[in-house]
Amino acid sequence: MAACPYWARRFNWSAPEVPVEEVNPNQHYLGNRARKTGVVEKCTFCIHRTRQGRLPACAEACPTGARVFGNLLDPDSEIRWVLANKRIFRLKEDLKTEPRFWYFTD
Amino acid sequence: VHLKPFALSALESATNGGPRYHVWMGSLTAIMLLGGYAYSVQLRQGLGVTGMSDHVSWGLYISNFTFLVGLAAAAMMLVLPAYVLHDVDFSRAVLMAEAVAVAALVMCLSFVVVDIGNPLAGWHLMPIIGHLNWPRSLLAWDVIVLNGYLVLNLTIPFYILYSRYAGRTPDKRKYLPLMYLTVMWAVSIHLVTAFLLAGLPARPFWNTALLGPRFLASAFTAGPAFVIVLLWFIRRETRYEIADGAFSKLALITTVAAQINLVMLISELFYKFYSPTHHGINARYLFLGLGEHHALVPWIWTAIALNVVATGVLMIHPLRHNPHVLMPACVTLFVAIWIEKGMGLVIPGFIPSPLGEIVEYVPTWVELCVTAGIWALGLFVLTILVRVALPIELGDARSPYLEHPPAARAVRPRATRARYEEIRPVRRR
(Lines give C-alpha, C1' and ligand atoms only; values in the text may rest on other atoms or scores of the structure.)
Protein backbone atom coordinates (compact mmCIF):
# COMPACT_ATOMS: atom_id res chain seq x y z
CA MET A 1 0.00 0.00 0.00
CA ALA A 2 2.61 2.53 1.11
CA ALA A 3 5.09 1.55 -1.60
CA CYS A 4 2.75 1.72 -4.61
CA PRO A 5 3.21 5.02 -6.49
CA TYR A 6 0.14 4.64 -8.69
CA TRP A 7 -2.64 4.44 -6.13
CA ALA A 8 -3.47 1.12 -7.76
CA ARG A 9 -3.90 -0.79 -4.49
CA ARG A 10 -7.21 -0.30 -2.69
CA PHE A 11 -7.67 -1.46 0.86
CA ASN A 12 -11.04 -2.42 2.33
CA TRP A 13 -11.04 0.02 5.21
CA SER A 14 -14.63 -1.01 6.07
CA ALA A 15 -17.08 -3.64 4.83
CA PRO A 16 -17.23 -2.78 1.11
CA GLU A 17 -20.58 -1.40 0.01
CA VAL A 18 -21.74 -0.38 -3.44
CA PRO A 19 -24.92 1.74 -3.64
CA VAL A 20 -27.72 -0.19 -5.36
CA GLU A 21 -27.98 2.22 -8.28
CA GLU A 22 -24.24 1.90 -8.96
CA VAL A 23 -24.16 -1.89 -9.05
CA ASN A 24 -23.36 -3.16 -12.52
CA PRO A 25 -25.61 -6.19 -13.04
CA ASN A 26 -23.64 -7.12 -16.14
CA GLN A 27 -21.07 -9.07 -14.12
CA HIS A 28 -19.53 -12.49 -13.93
CA TYR A 29 -20.28 -14.56 -10.86
CA LEU A 30 -16.61 -14.51 -9.83
CA GLY A 31 -15.93 -10.94 -10.98
CA ASN A 32 -16.12 -7.86 -8.81
CA ARG A 33 -17.17 -9.75 -5.73
CA ALA A 34 -16.25 -7.50 -2.87
CA ARG A 35 -13.72 -9.03 -0.52
CA LYS A 36 -13.91 -8.84 3.23
CA THR A 37 -12.90 -6.00 5.55
CA GLY A 38 -9.20 -5.52 6.25
CA VAL A 39 -7.69 -6.92 3.03
CA VAL A 40 -6.50 -5.39 -0.24
CA GLU A 41 -8.73 -5.71 -3.30
CA LYS A 42 -7.18 -7.18 -6.41
CA CYS A 43 -7.71 -7.28 -10.14
CA THR A 44 -9.88 -9.99 -11.74
CA PHE A 45 -8.70 -9.18 -15.29
CA CYS A 46 -12.36 -8.18 -15.94
CA ILE A 47 -13.56 -11.77 -15.82
CA HIS A 48 -17.08 -10.69 -16.91
CA ARG A 49 -15.64 -9.39 -20.18
CA THR A 50 -13.01 -12.04 -20.88
CA ARG A 51 -15.49 -14.91 -20.45
CA GLN A 52 -17.41 -13.35 -23.34
CA GLY A 53 -14.29 -13.27 -25.47
CA ARG A 54 -13.65 -9.55 -24.99
CA LEU A 55 -10.46 -7.92 -23.69
CA PRO A 56 -10.11 -6.53 -20.16
CA ALA A 57 -11.11 -2.85 -20.04
CA CYS A 58 -7.51 -1.67 -19.46
CA ALA A 59 -6.18 -3.58 -22.48
CA GLU A 60 -9.03 -2.31 -24.67
CA ALA A 61 -8.49 1.28 -23.54
CA CYS A 62 -4.69 1.26 -23.93
CA PRO A 63 -3.81 3.53 -26.88
CA THR A 64 -0.35 2.07 -27.53
CA GLY A 65 -0.99 -1.67 -27.40
CA ALA A 66 1.40 -2.05 -24.50
CA ARG A 67 -0.89 -4.60 -22.87
CA VAL A 68 -1.44 -8.06 -24.25
CA PHE A 69 -4.09 -10.35 -22.82
CA GLY A 70 -4.92 -13.80 -24.07
CA ASN A 71 -5.46 -17.52 -23.57
CA LEU A 72 -2.21 -19.21 -22.52
CA LEU A 73 -3.65 -22.62 -23.43
CA ASP A 74 -4.11 -21.60 -27.07
CA PRO A 75 -0.74 -22.12 -28.85
CA ASP A 76 -1.79 -19.75 -31.66
CA SER A 77 -2.71 -16.84 -29.38
CA GLU A 78 -0.91 -13.49 -29.45
CA ILE A 79 0.16 -13.86 -25.83
CA ARG A 80 1.91 -17.18 -26.59
CA TRP A 81 3.71 -15.52 -29.49
CA VAL A 82 4.86 -12.67 -27.22
CA LEU A 83 6.10 -15.11 -24.56
CA ALA A 84 7.96 -17.13 -27.18
CA ASN A 85 9.56 -14.25 -29.09
CA LYS A 86 10.02 -11.27 -26.74
CA ARG A 87 12.38 -10.60 -23.89
CA ILE A 88 10.16 -11.32 -20.84
CA PHE A 89 10.40 -11.58 -17.08
CA ARG A 90 8.15 -12.04 -14.07
CA LEU A 91 8.32 -10.39 -10.68
CA LYS A 92 9.62 -12.53 -7.79
CA GLU A 93 9.66 -15.68 -9.88
CA ASP A 94 11.75 -17.41 -7.22
CA LEU A 95 8.81 -17.45 -4.82
CA LYS A 96 7.29 -20.15 -7.05
CA THR A 97 3.85 -18.58 -7.00
CA GLU A 98 3.75 -18.87 -10.82
CA PRO A 99 2.23 -15.43 -11.49
CA ARG A 100 0.41 -15.31 -14.83
CA PHE A 101 1.66 -11.79 -15.37
CA TRP A 102 4.71 -11.15 -17.51
CA TYR A 103 6.58 -8.00 -18.43
CA PHE A 104 8.07 -7.74 -21.89
CA THR A 105 10.44 -5.31 -23.58
CA ASP A 106 10.96 -4.59 -27.23
CA VAL B 1 15.96 -23.69 42.10
CA HIS B 2 14.47 -20.42 43.33
CA LEU B 3 11.98 -19.87 40.53
CA LYS B 4 8.80 -20.25 42.56
CA PRO B 5 9.75 -17.83 45.37
CA PHE B 6 11.18 -15.49 42.71
CA ALA B 7 7.86 -15.38 40.89
CA LEU B 8 5.92 -14.96 44.14
CA SER B 9 8.13 -12.16 45.39
CA ALA B 10 7.96 -10.43 41.99
CA LEU B 11 4.18 -10.63 42.15
CA GLU B 12 4.28 -9.24 45.68
CA SER B 13 6.48 -6.27 44.76
CA ALA B 14 4.34 -5.53 41.71
CA THR B 15 1.02 -5.57 43.54
CA ASN B 16 1.92 -3.85 46.82
CA GLY B 17 2.42 -0.15 47.25
CA GLY B 18 1.10 3.03 48.74
CA PRO B 19 -2.17 4.71 47.77
CA ARG B 20 -0.42 6.83 45.12
CA TYR B 21 0.92 3.68 43.48
CA HIS B 22 -2.55 2.15 43.34
CA VAL B 23 -4.09 5.33 41.95
CA TRP B 24 -1.36 5.40 39.26
CA MET B 25 -1.85 1.78 38.27
CA GLY B 26 -5.63 2.13 38.49
CA SER B 27 -5.64 5.13 36.15
CA LEU B 28 -3.41 3.30 33.68
CA THR B 29 -5.79 0.32 33.79
CA ALA B 30 -8.75 2.61 33.13
CA ILE B 31 -7.01 4.12 30.08
CA MET B 32 -6.09 0.64 28.85
CA LEU B 33 -9.74 -0.44 29.16
CA LEU B 34 -10.82 2.60 27.15
CA GLY B 35 -8.21 1.72 24.51
CA GLY B 36 -9.43 -1.88 24.53
CA TYR B 37 -12.99 -0.73 23.90
CA ALA B 38 -11.86 1.53 21.03
CA TYR B 39 -9.89 -1.38 19.55
CA SER B 40 -12.96 -3.62 19.75
CA VAL B 41 -14.87 -1.01 17.71
CA GLN B 42 -12.05 -1.02 15.15
CA LEU B 43 -11.99 -4.83 15.02
CA ARG B 44 -15.73 -5.01 14.36
CA GLN B 45 -15.97 -2.23 11.78
CA GLY B 46 -12.56 -2.34 10.16
CA LEU B 47 -9.80 0.25 9.87
CA GLY B 48 -12.35 2.60 8.28
CA VAL B 49 -13.07 3.98 11.76
CA THR B 50 -9.56 5.48 11.72
CA GLY B 51 -8.61 8.61 9.82
CA MET B 52 -6.45 6.62 7.41
CA SER B 53 -7.32 6.26 3.74
CA ASP B 54 -5.93 4.74 0.55
CA HIS B 55 -3.87 7.92 0.20
CA VAL B 56 -2.56 8.16 3.74
CA SER B 57 -2.29 4.51 4.69
CA TRP B 58 -0.01 5.02 7.71
CA GLY B 59 -1.28 7.22 10.52
CA LEU B 60 -0.94 7.75 14.23
CA TYR B 61 -0.18 4.07 14.92
CA ILE B 62 2.85 3.79 12.65
CA SER B 63 3.97 7.27 13.75
CA ASN B 64 4.12 6.09 17.35
CA PHE B 65 5.77 2.87 16.22
CA THR B 66 8.69 4.64 14.51
CA PHE B 67 9.19 6.88 17.52
CA LEU B 68 9.09 4.03 20.04
CA VAL B 69 11.54 1.88 18.12
CA GLY B 70 13.97 4.72 18.66
CA LEU B 71 13.17 4.88 22.36
CA ALA B 72 13.77 1.13 22.69
CA ALA B 73 17.06 1.32 20.83
CA ALA B 74 18.40 4.37 22.61
CA ALA B 75 17.58 3.14 26.09
CA MET B 76 19.87 0.19 25.51
CA MET B 77 22.69 2.24 24.05
CA LEU B 78 23.34 3.47 27.58
CA VAL B 79 24.84 0.06 28.20
CA LEU B 80 27.79 1.05 26.08
CA PRO B 81 29.48 3.42 28.57
CA ALA B 82 28.49 1.27 31.55
CA TYR B 83 30.02 -1.99 30.41
CA VAL B 84 32.47 -1.15 27.69
CA LEU B 85 34.05 1.81 29.48
CA HIS B 86 33.68 0.09 32.90
CA ASP B 87 31.84 3.07 34.27
CA VAL B 88 30.53 1.85 37.61
CA ASP B 89 28.24 4.70 38.64
CA PHE B 90 26.48 4.27 35.34
CA SER B 91 25.69 0.59 35.67
CA ARG B 92 22.79 1.11 38.07
CA ALA B 93 21.04 3.03 35.31
CA VAL B 94 21.33 0.10 32.94
CA LEU B 95 18.68 -2.17 34.45
CA MET B 96 16.21 0.71 34.34
CA ALA B 97 17.17 1.43 30.75
CA GLU B 98 16.47 -2.18 29.87
CA ALA B 99 13.06 -1.91 31.50
CA VAL B 100 12.41 1.15 29.31
CA ALA B 101 13.50 -0.85 26.25
CA VAL B 102 11.12 -3.71 27.10
CA ALA B 103 8.21 -1.34 27.71
CA ALA B 104 8.92 0.53 24.45
CA LEU B 105 9.05 -2.75 22.53
CA VAL B 106 5.75 -3.91 24.00
CA MET B 107 4.26 -0.64 22.75
CA CYS B 108 5.94 -1.02 19.33
CA LEU B 109 4.55 -4.51 18.78
CA SER B 110 1.10 -3.42 19.98
CA PHE B 111 1.09 -0.48 17.57
CA VAL B 112 1.97 -2.80 14.68
CA VAL B 113 -0.78 -5.24 15.64
CA VAL B 114 -3.49 -2.57 15.84
CA ASP B 115 -2.41 -1.25 12.43
CA ILE B 116 -2.98 -4.63 10.74
CA GLY B 117 -6.26 -4.91 8.83
CA ASN B 118 -6.58 -8.60 9.47
CA PRO B 119 -4.55 -9.47 12.59
CA LEU B 120 -5.67 -13.09 12.59
CA ALA B 121 -3.61 -13.58 9.45
CA GLY B 122 -0.48 -13.08 11.58
CA TRP B 123 0.25 -16.81 11.58
CA HIS B 124 1.22 -16.50 7.92
CA LEU B 125 4.48 -15.00 9.20
CA MET B 126 5.46 -18.00 11.27
CA PRO B 127 7.94 -20.34 9.64
CA ILE B 128 6.80 -23.93 8.87
CA ILE B 129 3.03 -23.28 9.19
CA GLY B 130 3.34 -20.06 7.21
CA HIS B 131 6.17 -18.48 5.28
CA LEU B 132 8.45 -15.74 6.57
CA ASN B 133 9.82 -14.17 3.40
CA TRP B 134 13.32 -13.76 4.76
CA PRO B 135 15.86 -12.44 3.71
CA ARG B 136 14.11 -10.74 0.79
CA SER B 137 11.37 -8.87 2.63
CA LEU B 138 12.44 -5.91 4.71
CA LEU B 139 9.36 -6.40 6.90
CA ALA B 140 10.57 -9.92 7.74
CA TRP B 141 13.86 -8.37 8.89
CA ASP B 142 11.94 -5.97 11.09
CA VAL B 143 9.92 -8.80 12.66
CA ILE B 144 13.15 -10.65 13.44
CA VAL B 145 15.16 -7.74 14.83
CA LEU B 146 12.31 -6.42 17.01
CA ASN B 147 11.38 -9.79 18.52
CA GLY B 148 15.03 -10.78 18.94
CA TYR B 149 15.68 -7.50 20.73
CA LEU B 150 12.74 -8.11 23.04
CA VAL B 151 14.06 -11.59 23.93
CA LEU B 152 17.56 -10.19 24.60
CA ASN B 153 16.21 -7.42 26.80
CA LEU B 154 14.14 -9.85 28.82
CA THR B 155 16.89 -12.45 29.18
CA ILE B 156 19.73 -10.29 30.51
CA PRO B 157 17.86 -8.48 33.31
CA PHE B 158 16.15 -11.72 34.28
CA TYR B 159 19.52 -13.44 34.63
CA ILE B 160 21.05 -10.57 36.64
CA LEU B 161 18.04 -10.12 38.93
CA TYR B 162 17.53 -13.84 39.42
CA SER B 163 21.20 -14.35 40.33
CA ARG B 164 21.05 -11.55 42.90
CA TYR B 165 17.80 -12.96 44.26
CA ALA B 166 19.39 -16.37 44.63
CA GLY B 167 22.33 -14.81 46.48
CA ARG B 168 24.87 -15.25 43.68
CA THR B 169 26.96 -12.68 41.86
CA PRO B 170 25.93 -12.54 38.20
CA ASP B 171 28.64 -14.12 36.07
CA LYS B 172 30.04 -11.53 33.68
CA ARG B 173 31.25 -14.21 31.28
CA LYS B 174 27.65 -15.22 30.78
CA TYR B 175 25.93 -11.88 30.29
CA LEU B 176 28.63 -9.60 28.85
CA PRO B 177 28.66 -11.24 25.38
CA LEU B 178 24.87 -10.88 25.31
CA MET B 179 25.22 -7.23 26.34
CA TYR B 180 27.57 -6.51 23.43
CA LEU B 181 25.18 -8.29 21.08
CA THR B 182 22.27 -6.21 22.41
CA VAL B 183 24.08 -2.93 21.84
CA MET B 184 24.72 -3.77 18.20
CA TRP B 185 21.20 -5.13 17.91
CA ALA B 186 19.87 -1.78 19.19
CA VAL B 187 21.44 0.01 16.24
CA SER B 188 19.95 -2.56 13.89
CA ILE B 189 16.35 -2.22 15.06
CA HIS B 190 16.35 1.47 14.39
CA LEU B 191 18.23 1.30 11.11
CA VAL B 192 16.03 -1.48 9.73
CA THR B 193 12.92 0.52 10.65
CA ALA B 194 14.38 3.58 8.91
CA PHE B 195 15.20 1.44 5.85
CA LEU B 196 11.55 0.34 5.69
CA LEU B 197 10.69 3.97 4.94
CA ALA B 198 13.84 4.98 3.07
CA GLY B 199 13.53 2.04 0.68
CA LEU B 200 10.41 3.35 -1.05
CA PRO B 201 11.49 5.26 -4.16
CA ALA B 202 7.94 6.47 -4.79
CA ARG B 203 8.02 8.44 -1.53
CA PRO B 204 10.79 11.02 -1.98
CA PHE B 205 10.23 12.49 1.48
CA TRP B 206 11.74 9.35 3.07
CA ASN B 207 13.90 8.27 0.17
CA THR B 208 17.07 9.88 1.50
CA ALA B 209 20.32 8.49 2.85
CA LEU B 210 20.04 10.80 5.86
CA LEU B 211 16.91 9.08 7.20
CA GLY B 212 18.71 6.22 8.99
CA PRO B 213 21.35 8.40 10.71
CA ARG B 214 18.73 10.98 11.62
CA PHE B 215 16.61 8.25 13.22
CA LEU B 216 19.61 7.31 15.36
CA ALA B 217 20.37 10.92 16.32
CA SER B 218 16.80 11.68 17.36
CA ALA B 219 16.54 8.37 19.20
CA PHE B 220 19.69 9.20 21.17
CA THR B 221 18.01 12.43 22.17
CA ALA B 222 14.63 11.08 23.24
CA GLY B 223 15.86 7.81 24.83
CA PRO B 224 18.34 9.19 27.38
CA ALA B 225 15.98 12.12 28.06
CA PHE B 226 13.29 9.64 29.11
CA VAL B 227 15.74 7.60 31.19
CA ILE B 228 16.94 10.77 32.97
CA VAL B 229 13.39 11.62 34.04
CA LEU B 230 12.74 8.03 35.12
CA LEU B 231 15.97 7.81 37.16
CA TRP B 232 15.33 11.19 38.74
CA PHE B 233 11.88 9.98 39.80
CA ILE B 234 13.29 6.71 41.18
CA ARG B 235 15.96 8.57 43.14
CA ARG B 236 13.42 10.93 44.61
CA GLU B 237 10.91 8.26 45.58
CA THR B 238 13.08 5.32 46.72
CA ARG B 239 16.28 4.50 48.58
CA TYR B 240 17.91 3.44 45.31
CA GLU B 241 20.87 5.73 44.94
CA ILE B 242 21.94 6.94 41.55
CA ALA B 243 25.12 8.97 41.48
CA ASP B 244 25.09 12.54 40.16
CA GLY B 245 27.71 11.44 37.64
CA ALA B 246 25.16 9.21 35.93
CA PHE B 247 22.84 12.16 35.43
CA SER B 248 25.52 14.46 34.08
CA LYS B 249 26.73 11.80 31.64
CA LEU B 250 23.20 11.02 30.45
CA ALA B 251 22.50 14.73 30.07
CA LEU B 252 25.71 15.10 28.04
CA ILE B 253 24.67 12.25 25.70
CA THR B 254 21.23 13.84 25.28
CA THR B 255 22.72 17.26 24.52
CA VAL B 256 25.24 16.05 21.95
CA ALA B 257 22.60 13.91 20.20
CA ALA B 258 20.16 16.84 20.17
CA GLN B 259 22.82 19.03 18.56
CA ILE B 260 23.57 16.44 15.89
CA ASN B 261 19.83 16.07 15.27
CA LEU B 262 19.49 19.82 14.72
CA VAL B 263 22.46 19.85 12.33
CA MET B 264 20.77 17.10 10.34
CA LEU B 265 17.50 19.03 10.35
CA ILE B 266 19.29 22.08 8.94
CA SER B 267 20.99 20.05 6.20
CA GLU B 268 17.65 18.46 5.31
CA LEU B 269 15.97 21.88 5.10
CA PHE B 270 18.83 23.21 2.96
CA TYR B 271 18.64 20.24 0.61
CA LYS B 272 14.87 20.55 0.18
CA PHE B 273 14.50 24.33 -0.02
CA TYR B 274 17.70 25.90 -1.41
CA SER B 275 17.33 24.32 -4.84
CA PRO B 276 13.80 22.97 -4.70
CA THR B 277 12.79 20.14 -7.02
CA HIS B 278 9.47 18.41 -7.40
CA HIS B 279 10.67 15.80 -4.89
CA GLY B 280 10.67 18.45 -2.19
CA ILE B 281 6.94 19.01 -2.38
CA ASN B 282 6.21 16.80 0.64
CA ALA B 283 8.65 18.84 2.73
CA ARG B 284 6.91 21.97 1.44
CA TYR B 285 3.59 20.58 2.63
CA LEU B 286 5.07 19.76 6.04
CA PHE B 287 6.89 23.02 6.76
CA LEU B 288 4.92 25.62 4.78
CA GLY B 289 1.67 23.99 3.69
CA LEU B 290 0.27 23.75 0.18
CA GLY B 291 -2.49 26.30 -0.38
CA GLU B 292 -5.27 25.68 2.09
CA HIS B 293 -3.75 22.33 3.13
CA HIS B 294 -1.49 22.93 6.11
CA ALA B 295 -2.63 20.57 8.90
CA LEU B 296 0.92 19.64 9.92
CA VAL B 297 2.52 23.10 9.81
CA PRO B 298 1.75 24.11 13.42
CA TRP B 299 2.81 20.64 14.61
CA ILE B 300 6.23 20.66 13.03
CA TRP B 301 7.05 24.26 13.99
CA THR B 302 6.06 23.49 17.58
CA ALA B 303 8.47 20.56 17.48
CA ILE B 304 11.27 22.64 16.00
CA ALA B 305 10.74 25.44 18.53
CA LEU B 306 10.74 22.98 21.45
CA ASN B 307 13.83 21.27 20.05
CA VAL B 308 15.79 24.48 19.61
CA VAL B 309 14.87 25.90 23.03
CA ALA B 310 15.58 22.67 24.93
CA THR B 311 18.86 22.07 23.10
CA GLY B 312 19.94 25.65 23.69
CA VAL B 313 19.18 25.38 27.40
CA LEU B 314 21.04 22.08 27.74
CA MET B 315 24.12 23.52 26.01
CA ILE B 316 24.67 25.90 28.95
CA HIS B 317 26.60 23.92 31.56
CA PRO B 318 25.22 25.38 34.82
CA LEU B 319 21.67 24.97 33.54
CA ARG B 320 22.27 21.37 32.52
CA HIS B 321 23.55 20.50 36.01
CA ASN B 322 20.50 21.98 37.67
CA PRO B 323 17.79 19.29 37.97
CA HIS B 324 15.03 21.91 38.00
CA VAL B 325 16.07 22.89 34.49
CA LEU B 326 17.27 19.49 33.28
CA MET B 327 13.95 17.71 33.92
CA PRO B 328 11.70 20.16 32.03
CA ALA B 329 14.27 20.32 29.23
CA CYS B 330 14.26 16.53 28.93
CA VAL B 331 10.45 16.37 28.86
CA THR B 332 10.43 19.12 26.21
CA LEU B 333 12.94 17.27 24.05
CA PHE B 334 10.97 14.04 24.43
CA VAL B 335 7.76 15.71 23.24
CA ALA B 336 9.58 17.48 20.39
CA ILE B 337 11.09 14.24 19.10
CA TRP B 338 7.74 12.47 19.47
CA ILE B 339 6.18 14.99 17.09
CA GLU B 340 9.14 15.08 14.74
CA LYS B 341 9.77 11.33 14.46
CA GLY B 342 6.06 10.50 14.64
CA MET B 343 3.40 12.46 12.81
CA GLY B 344 6.00 14.87 11.39
CA LEU B 345 7.83 12.05 9.63
CA VAL B 346 5.20 9.51 8.59
CA ILE B 347 2.22 11.59 7.44
CA PRO B 348 3.93 14.04 5.01
CA GLY B 349 5.42 11.06 3.15
CA PHE B 350 1.93 10.49 1.75
CA ILE B 351 0.90 14.11 1.10
CA PRO B 352 0.69 14.86 -1.73
CA SER B 353 0.50 11.40 -3.28
CA PRO B 354 2.92 10.53 -6.12
CA LEU B 355 0.13 11.37 -8.57
CA GLY B 356 -0.32 14.79 -6.96
CA GLU B 357 -3.59 14.38 -5.07
CA ILE B 358 -3.76 15.97 -1.64
CA VAL B 359 -5.73 14.08 0.99
CA GLU B 360 -5.08 15.27 4.52
CA TYR B 361 -5.12 13.11 7.61
CA VAL B 362 -6.62 13.74 11.04
CA PRO B 363 -6.76 10.91 13.60
CA THR B 364 -10.21 9.89 14.87
CA TRP B 365 -11.28 9.27 18.45
CA VAL B 366 -10.74 5.51 17.97
CA GLU B 367 -7.11 6.06 17.02
CA LEU B 368 -6.56 8.51 19.88
CA CYS B 369 -8.09 6.13 22.44
CA VAL B 370 -6.19 3.07 21.16
CA THR B 371 -2.97 5.10 21.15
CA ALA B 372 -3.55 6.33 24.71
CA GLY B 373 -4.36 2.75 25.75
CA ILE B 374 -1.10 1.41 24.32
CA TRP B 375 0.93 4.16 25.99
CA ALA B 376 -0.82 3.27 29.26
CA LEU B 377 0.10 -0.37 28.65
CA GLY B 378 3.74 0.59 28.15
CA LEU B 379 3.87 2.69 31.32
CA PHE B 380 2.10 -0.16 33.17
CA VAL B 381 4.75 -2.67 32.01
CA LEU B 382 7.54 -0.22 32.84
CA THR B 383 6.17 0.40 36.35
CA ILE B 384 5.92 -3.32 37.06
CA LEU B 385 9.44 -4.03 35.80
CA VAL B 386 10.91 -1.22 37.90
CA ARG B 387 8.91 -2.32 40.96
CA VAL B 388 10.20 -5.88 40.64
CA ALA B 389 13.81 -4.87 40.00
CA LEU B 390 14.20 -2.29 42.77
CA PRO B 391 13.76 -4.50 45.90
CA ILE B 392 16.14 -7.10 44.45
CA GLU B 393 18.72 -4.45 43.60
CA LEU B 394 18.33 -2.89 47.06
CA GLY B 395 18.82 -6.29 48.70
CA ASP B 396 15.35 -6.31 50.29
CA ALA B 397 14.11 -9.28 48.31
CA ARG B 398 16.15 -12.44 48.73
CA SER B 399 15.20 -16.04 48.26
CA PRO B 400 13.84 -17.61 51.48
CA TYR B 401 15.61 -20.80 50.41
CA LEU B 402 18.95 -19.16 51.25
CA GLU B 403 18.16 -19.45 54.96
CA HIS B 404 15.71 -22.33 54.91
CA PRO B 405 16.50 -24.74 52.10
CA PRO B 406 13.43 -26.70 51.02
CA ALA B 407 14.37 -29.89 52.87
CA ALA B 408 11.33 -31.93 51.95
CA ARG B 409 12.25 -32.10 48.31
CA ALA B 410 15.87 -33.08 48.83
CA VAL B 411 15.30 -36.28 50.85
CA ARG B 412 12.77 -37.90 48.56
CA PRO B 413 14.87 -40.10 46.28
CA ARG B 414 13.05 -41.60 43.39
CA ALA B 415 14.35 -44.77 41.83
CA THR B 416 15.86 -43.07 38.82
CA ARG B 417 17.28 -40.23 40.89
CA ALA B 418 19.02 -42.71 43.21
CA ARG B 419 20.63 -44.57 40.36
CA TYR B 420 21.81 -41.32 38.79
CA GLU B 421 23.38 -40.18 42.04
CA GLU B 422 25.43 -43.35 42.27
CA ILE B 423 27.24 -42.28 39.12
CA ARG B 424 27.55 -38.56 39.80
CA PRO B 425 26.42 -37.21 43.18
CA VAL B 426 24.27 -34.10 42.92
CA ARG B 427 25.95 -31.22 44.69
CA ARG B 428 23.67 -29.49 47.14
CA ARG B 429 24.02 -26.13 48.78
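In what follows, chains carry the letters A, B, and so on, assigned in the order in which the sequence lines appear, proteins first and then strands, with residues in each chain numbered from 1. Predicted model, so just to flag it, every value in this text is computed and none were measured.
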### Query
Is the CD atom of E78(A) crowded by more than 12 outside heavy atoms at less than 6.0 Å?
no
### Task
Report, as yes or no, whether the 6.0 Å neighbourhood of atom CZ on R90(A) holds more than 12 heavy atoms from other residues, nucleotides or ligands.
yes
### Task
Check whether S353(B) gets within reach of chain A through its side chain, its backbone, both or neither, counting any heavy atom under 4.5 Å.
neither
## Note on the structure
For A2(A) and W58(B) the tightest heavy-atom approach is CB-CZ2, 3.6 Å
### Summary
Distance col, row S14(A):OG vs Q42(B):CD, nearest 0.5 angstrom, shows 10.0 Å
### Task
Name the member of L47(B), D54(B), N118(B) that forms the most heavy-atom pairs with chain A at distances under 4.5 Å.
D54(B)
#### Entry: Heavy atoms of other groups near R80(A) CZ, more than 12 under 6.0 Å
yes
### Query
Is the number of heavy atoms from other residues, nucleotides or ligands within 6.0 Å of CZ (F273(B)) greater than 12?
yes
